[in-house]
Amino acid sequence: MAIPQVTITPEHGSTLEGPQEDCGLIMDGTLRRTCSSTSISSTGSSALESEDDLHSDSESKSRGIVTLEQLGNPCEVKQWSKLKTFVHWPFRSSLKKVNWVQLAGHKGSFKSAEGGTILKKLSDNERRCFEKLQEDSLLSFIPQYHGVVEKDGQCFLHMSDLLLPFDQPNVMDCKMGVRTYLEEELVRAREHPRPREDLYKKMVEVDREAPTAEEHSQVAVTKPRYMQWRETLSSTHTLGYRIEGIKKSDGTCRTDFKKTRLQQDIIKVFQDFVGGNIDIMQSYLSRLAEIQLALSKSYFFKQHEVIGSSLLFLHDISGKAQVWMIDFGKTTALAEGQLLHNVPWQEGNREDGYLWGLQNLIHTIEAAKESYSQNNQTVPTPSPDF
Ligand SMILES: Nc1ncnc2c1ncn2[C@@H]1O[C@H](COP(=O)(O)OP(=O)(O)OP(=O)(O)O)[C@@H](O)[C@H]1O
Ligand SMILES: O=P(O)(O)O[C@@H]1[C@H](O)[C@H](O)[C@@H](OP(=O)(O)O)[C@H](OP(=O)(O)O)[C@H]1O
């Protein structure tokens with residue numbers, strides 16, 4: 001059976017503000033990570049699966065509202081702890097389509113499953129993280145994990161859909177840390193540079209002057225070079241986090257944050273995201289404080305270089321607001337030692353600046369809350385008696 005294709009469609013009523021990226025494209029459903037291509041050597045702690053397998057110039061990123069095809073039957077869902085081997089997923093031939101929001105990541109990575117769950121293309125590295133996290137203090141802050149399912153040689157991580165409890169959710173993806181590439185990607189690019197034309201194109205789309213003369217002549221840049229450029233252009237370097245995308249309940253979605261770097265600009269974006277709702281800002285702050293506490297207790301966190309992971313913010317009109325930790329595809333175990341996550345990165349120390357970024361993110365939201373309250377203080381109406 002052919003792998004179902006995923007189609008991105010603009011949701012009814014969506015308006016495209018500013019330079020939108022990709023909202024409304026037909027996605028290439030080609031599987032990037034198959035069971036075989038994702039297997040990492042048994043000795044490997046490496047999160048860097050063969051770079052050639054992991055990307056192709058024809059693939060692109062998902063930015064917005066997607067329609068997921070629905071696979072499977074909830075009866076087959078098994079708890080991860082009971083799962084000894086991959087579950088063979090009972091794909092059905094009649095597939096329903098489900099509207100969903102995917103603000104970042106690779107196109108075609110997700111499928112919908114029944115019972116409020118989703119399937120994400122397997123990366124063995126992410127699977128290992130989910131398995132280890134089942135025993136960790138971070139468990140309450142990650143999607144519920146139901147194991148790996150397999151069909152026709154293609155494997156998926158099965159997890160809860162965090163959008164499910166929300167009615168027309170507002171969603172924001174914040175990529176955490178001061179660095180978005182693994183140290184091993186850097187080493188590899190140095191040893192075997194593989195300049196990429198697609199990354200060059202993405203770079204000149206934003207800034208024609210960004211590539212060096214050599215890169216211009218090659219019409220290509222290496223991935224670490226591209227990733228470092230993205231980090232300095234956005235707030236990743238200066239604040240330790242960056243906004244990747246926002247989808248609001250009115251259907252609008254924005255992913256044009258590549259140049260959003262200054263705290264004052266992020267504050268405006270955040271205030272707009274929450275519609276100036278102070279209670280929601282406070283709920284987000286409380287949840288981030290809980291995450292901060294859980295991180296301080298987490299054995300997993302101390303032991304892993306957390307790269308490219310995001311905090312997913314969700315709220316809706318009912319006032320419900322949650323933050324979840326997602327995307328452990330590039331979260332890599334240390335062979336020895338522990339990380340602090342709040343000291344500067346120098347090549348070799350594997351620090352990722354996650355905690356520093358989280359602290360800055362909390363400060364930014366506090367500042368957003370304060371400035372909103374100051375600017376919108378209700379002046380008491382003078383009593384007619386005076
Ligand atoms: N469990 C979930 N529930 C709801 N939405 C999710 C969930 N996991 C991911 N998403 C959505 O999908 C998007 C991409 O997720 P994720 O970062 O895990 O994908 P990825 O392909 O690993 O990304 P990247 O290529 O940047 O590493 C998120 O921004 C979010 O909108
Ligand atoms: O956000 P942009 O500007 O589109 O750039 C992409 C982004 O940094 C992704 O995180 C990265 O995937 P990984 O995190 O999986 O490395 C991807 O690399 P890729 O093209 O090699 O997939 C980049 O192209």
Side-chain angles (χ1 to χ4, degrees), residues 47 104 129 133 136-138 140-142 172-186 224 227-246 257-270 273 281 284-313 323-334 336-371:
C129 290
L133 282 163
D136 195 83
S137 61
L138 295 179
S140 327
F141 303 96
I142 60 165
M172 175 171 78
D173 181 306
C174 267
K175 192 170 267 199
M176 301 304 293
V178 287
R179 188 160 55 89
T180 56
Y181 53 90
L182 290 161
E183 286 198 4
E184 59 187 281
E185 288 182 89
L186 206 54
M227 302 293 262
Q228 284 170 349
W229 167 77
R230 285 276 277 117
E231 289 163 8
T232 47
L233 198 66
S234 66
S235 54
T236 290
H237 248 233
T238 47
L239 293 171
Y241 70 89
R242 73 173 180 233
I243 298 177
E244 287 281 285
I246 287 181
F257 297 110
K258 283 198 172 86
K259 293 201 264 188
T260 305
R261 188 167 54 86
L262 301 177
Q263 164 146 320
Q264 66 217 49
D265 295 332
I266 300 172
I267 287 175
K268 285 190 202 128
V269 170
F270 189 78
F273 170 59
M281 293 192 222
Y284 278 146
L285 285 169
S286 306
R287 178 77 170 175
L288 290 175
E290 288 171 26
I291 291 178
Q292 215 174 17
L293 183 65
L295 287 168
S296 73
K297 295 180 180 161
S298 166
Y299 187 66
F300 175 91
F301 190 54
K302 288 183 180 62
Q303 297 268 302
H304 286 77
E305 179 185 5
V306 183
I307 299 295
S309 180
S310 288
L311 288 176
L312 196 67
F313 289 71
V323 187
W324 296 94
M325 295 176 69
I326 59 163
D327 194 357
F328 304 103
K330 286 169 80 174
T331 291
T332 317
L334 302 184
E336 56 183 19
Q338 295 192 342
L339 294 180
L340 295 170
H341 302 281
N342 60 2
V343 295
W345 173 64
Q346 283 166 346
E347 194 174 347
N349 75 3
R350 297 185 66 181
E351 289 289 351
D352 50 40
Y354 191 110
L355 279 184
W356 184 68
L358 178 56
Q359 189 56 60
N360 286 333
L361 179 56
I362 290 171
H363 284 153
T364 306
I365 299 176
E366 281 168 349
K369 188 175 153 223
E370 270 160 39
S371 88

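One-based numbering along the sequence shown. Heavy atoms only: backbone and side chains are in, while hydrogens, waters and symmetry mates are out.
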- prompt: Where does the angle between the aromatic ring planes of Phe273 and Phe270 fall among parallel (under 30°), tilted (30 to 60°) and perpendicular (over 60°)?
  reply: tilted
field: Minimal non-hydrogen separation, Pro224 against Glu185, with atom names
entry: CG-O, 3.8 Å
query: With a 4.5 Å heavy-atom cut-off, do His363 and Leu239 have their side chains touching?
result: no
query: How many angstroms lie between CD1 in Ile246 and SG in Cys174, if you round to the nearest 0.5 Å?
result: 7.5 Å
query: Is a donor on one side and an acceptor on the other found under 3.5 Å between the side chain of Ser298 and the backbone of Leu295?
result: no
Partners passing ring pair (Phe, Tyr, Trp, His ring centres under 6.0 Å) against Phe328 (at least two apart in sequence or in another chain): Phe130
message: So if I apply the side chain to side chain contact (heavy atoms under 4.5 Å, CB included) rule between Thr180 and each of Arg230, His237, Lys330, Lys175, which one comes out positive?
response: Lys175
- request: Could you tell me the separation between the CG atom of Leu182 and the CE atom of Met227, rounded to the nearest 0.5 Å?
  value: 9.0 Å
Donor-acceptor contact below 3.5 Å, side chain Lys302 vs main chain Ser296: yes
task: Ignoring hydrogens and angles, tell me if any N or O in the side chain of Arg179 forms a donor-acceptor pair with the backbone of Glu351 under 3.5 Å.
output: yes
query: How would you list, by chain and number, every residue that makes a side-chain hydrogen bond (donor to acceptor under 3.5 Å, both in side chains) with Tyr284, sequence neighbours excluded?
result: His315
Pair Leu311-Phe141, side chain to side chain contact (heavy atoms under 4.5 Å, CB included): steps then yes or no: CA-CA 10 Å; Leu311 288 176; Phe141 303 96; over 6 Å; no
- prompt: Would you call the rings of Phe301 and His341 parallel, tilted or perpendicular if under 30° counts as parallel and over 60° as perpendicular?
  reply: parallel
query: Which atom pair, heavy atoms only, marks the closest approach of Ile267 to Ala368?
result: CG2-CA, 3.7 Å
Ile243 CD1 to Ser235 OG distance, which is reported to the nearest 0.5 Å: 7.0 Å
- prompt: Heavy-atom count around Glu347 CD within 6.0 Å, excluding the residue itself: above 12?
  reply: yes
message: I'd like to check Ile362 versus Gln292 (side-chain heavy atoms, cut-off strictly below 4.5 Å). Are they in contact?
response: yes
- request: Mind running side chain to side chain contact (heavy atoms under 4.5 Å, CB included) on Phe313 and Leu288 for me, showing each step along the way?
  value: CA-CA 10 Å; Phe313 289 71; Leu288 290 175; 4.1 Å; yes
- request: For side chain to side chain contact (heavy atoms under 4.5 Å, CB included), just list the numbers for Leu339 and Tyr354, CA-CA rounded to whole Å, side-chain angles, deciding distance to a tenth of an Å, and then say yes or no.
  value: CA-CA 10 Å; Leu339 294 180; Tyr354 191 110; over 6 Å; no
task: Examine the side chains of Thr260 and Asp265 and answer whether a donor and an acceptor come within less than 3.5 Å of each other.
output: no
query: Side chains of Gln263 and Thr364: do they bring a donor and an acceptor to under 3.5 Å?
result: yes
- line: Rounding to 0.5 Å, atoms CG (Leu133) and NE2 (His304) come to a distance of 7.5 Å
message: So does Phe300 get a backbone contact from the side chain of Asp136, meaning a donor-acceptor N/O pair under 3.5 Å?
response: yes
Side-chain donor or acceptor of Ser309 paired with backbone N/O of Asp327 under 3.5 Å: yes
message: Before you tell me yes or no, could you show the steps for Val306 and Met176 under side chain to side chain contact (heavy atoms under 4.5 Å, CB included), namely the whole-Å CA-CA distance, both residues' side-chain angles and the distance that decides it to 0.1 Å?
response: CA-CA 8 Å; Val306 183; Met176 301 304 293; over 6 Å; no
task: Mark yes or no for whether Arg242, through its side chain, and Ser234, through its backbone, hold a donor-acceptor pair below 3.5 Å.
output: no
- prompt: What distance separates Ile266 CD1 from Lys268 NZ, expressed to the nearest 0.5 Å?
  reply: 11.5 Å
- prompt: Is there a donor-acceptor contact under 3.5 Å from the side chain of Asp352 to the main chain of Gly308?
  reply: no
message: Has Glu183 got a side-chain atom pairing as donor or acceptor with Gly348's backbone, closer than 3.5 angstrom?
response: yes
statement: For Ala104 and Asp173, the nearest pair of non-hydrogen atoms, with its separation, is CB-OD2, 3.9 Å
